[in-house]
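Scroll down for the structure; my scribbles are underneath it.
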Amino acid sequence: QVQLVESGGGLVQAGGSLRLSCAASGRTFSNYNTGWFRQAPGKEREFVAAIRWYSGSTYYADSVKGRFTISRDNAKNTVYLQMNSLKPEDTAVYHCAVGVGLRVESGYDYWGQGTQVTVSS
């Protein structure tokens, strides 16, 4: 069993930055890929970024490529999402998840409760 807790969300102006954290307890991130997804009001949850556990390879949605960076600290059992050049359309609840998947929700077994990111124009 894995418990995930996200933090770091908040209100920021367009062009600003935030760093989200996803801390795992119960088990480590070993053997799991970690992904970030987001859900805006009235919209489907969508893939944002993922990091493969064994290689550290990273994957991004086209909408965030070049602005967001996913990384991990194995010693702290934490995965981060650095978000730069934020836009109002990035406003959403951001969830981290672990599993064997990458871009698809169904590939993830454990989910955090989410952290709200609001970008004002």
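Residue numbers count from 1 along this sequence. For the numbers below, each heavy atom of this structure counts, side chains included, while hydrogens, waters and symmetry mates do not. In this text the structure is predicted, and so the values were computed from the model without any measurement.
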Should F47 and Y59 be marked as a side-chain contact (heavy atoms from CB on, under 4.5 Å) after you check the CA-CA gap, both sets of side-chain angles, and the distance that decides it?
-> CA-CA 10 Å; F47 168 77; Y59 306 83; 4.2 Å; yes

Go through the steps for Q113 and V5 under the test side-chain contact (heavy atoms from CB on, under 4.5 Å), then give the verdict.
-> CA-CA 7 Å; Q113 291 299 307; V5 178; over 6 Å; no

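Without hydrogens or angle criteria, Q13 side chain to S121 main chain gives no donor-acceptor distance under 3.5 Å. Side-chain atoms of T118 do not come within 3.5 Å of backbone N or O of L11 as any donor-acceptor pair. With hydrogens and angles ignored, the 3.5 Å screen pairs a side-chain donor or acceptor of H95 with a backbone N or O of G112. Of the possible donor and acceptor atoms, none in the side chain of E6 sits under 3.5 Å from a partner among the backbone N and O of C22. No donor-acceptor distance shorter than 3.5 angstrom exists from the side chain of D109 to the backbone of G99, with no hydrogens or angles considered. The backbone N or O of A24 lies less than 3.5 Å from a partner atom in the side chain of N77, making a donor-acceptor pair. Looking only at distances, no side-chain donor or acceptor of R103 sits under 3.5 Å from a matching main-chain atom of A49.
The shortest side-chain heavy-atom distance between T58 and Y60 falls under the 4.5 Å cut-off. The shortest distance between side-chain heavy atoms of V48 and L81 falls below 4.5 Å. Counting only heavy atoms from C-beta outward, the side chains of V79 and I70 approach each other to under 4.5 Å. In this structure, L102 and V104 have side chains that are not in contact, with every pair of non-hydrogen atoms separated by 4.5 Å or more. Between Y32 and Y108 there is no side-chain heavy-atom pair separated by less than 4.5 Å. No side-chain heavy atom of Q116 sits less than 4.5 Å from a side-chain heavy atom of Y94. Side-chain atoms of S7 and R19, non-hydrogen and from C-beta on, never get closer than 4.5 Å to each other. Contact of the E46 side chain with the Q39 side chain is not registered, since no non-hydrogen atoms from C-beta on lie closer than 4.5 Å.
There is no path of hydrophobic side-chain contacts, each under 4.5 Å, that joins V98 to W111. There is a path of hydrophobic side-chain contacts, each under 4.5 Å, that joins L86 to W36. Two different hydrophobic clusters hold V93 and L20 under the rule that ILVMFWY side chains link at heavy-atom gaps under 4.5 Å. If you chain together hydrophobic residues whose side chains sit under 4.5 Å apart, V64 and L18 fall into the same group. No continuous path of ILVMFWY side-chain contacts below 4.5 Å connects F37 to L4, so the two sit in separate hydrophobic clusters.
Here N84 pairs with S17, Q82 under the side-chain hydrogen bond (donor to acceptor under 3.5 Å, both in side chains) rule; sequence neighbours left out. Residues passing the salt bridge (Lys or Arg N to Asp or Glu O under 4.0 Å) test with R45 are E105, sequence neighbours excluded. In this view, R67 and D90 satisfy the salt bridge (Lys or Arg N to Asp or Glu O under 4.0 Å) rule, not counting sequence neighbours.
The nearest pair of heavy atoms linking K76 to T78 is O-OG1, 2.9 Å. Closest approach of S63 to R38, counting heavy atoms only: OG-NH2, 3.5 Å.
In this structure, the separation between CZ on R52 and CG on N33 is 5.5 Å, given to the nearest 0.5 Å.
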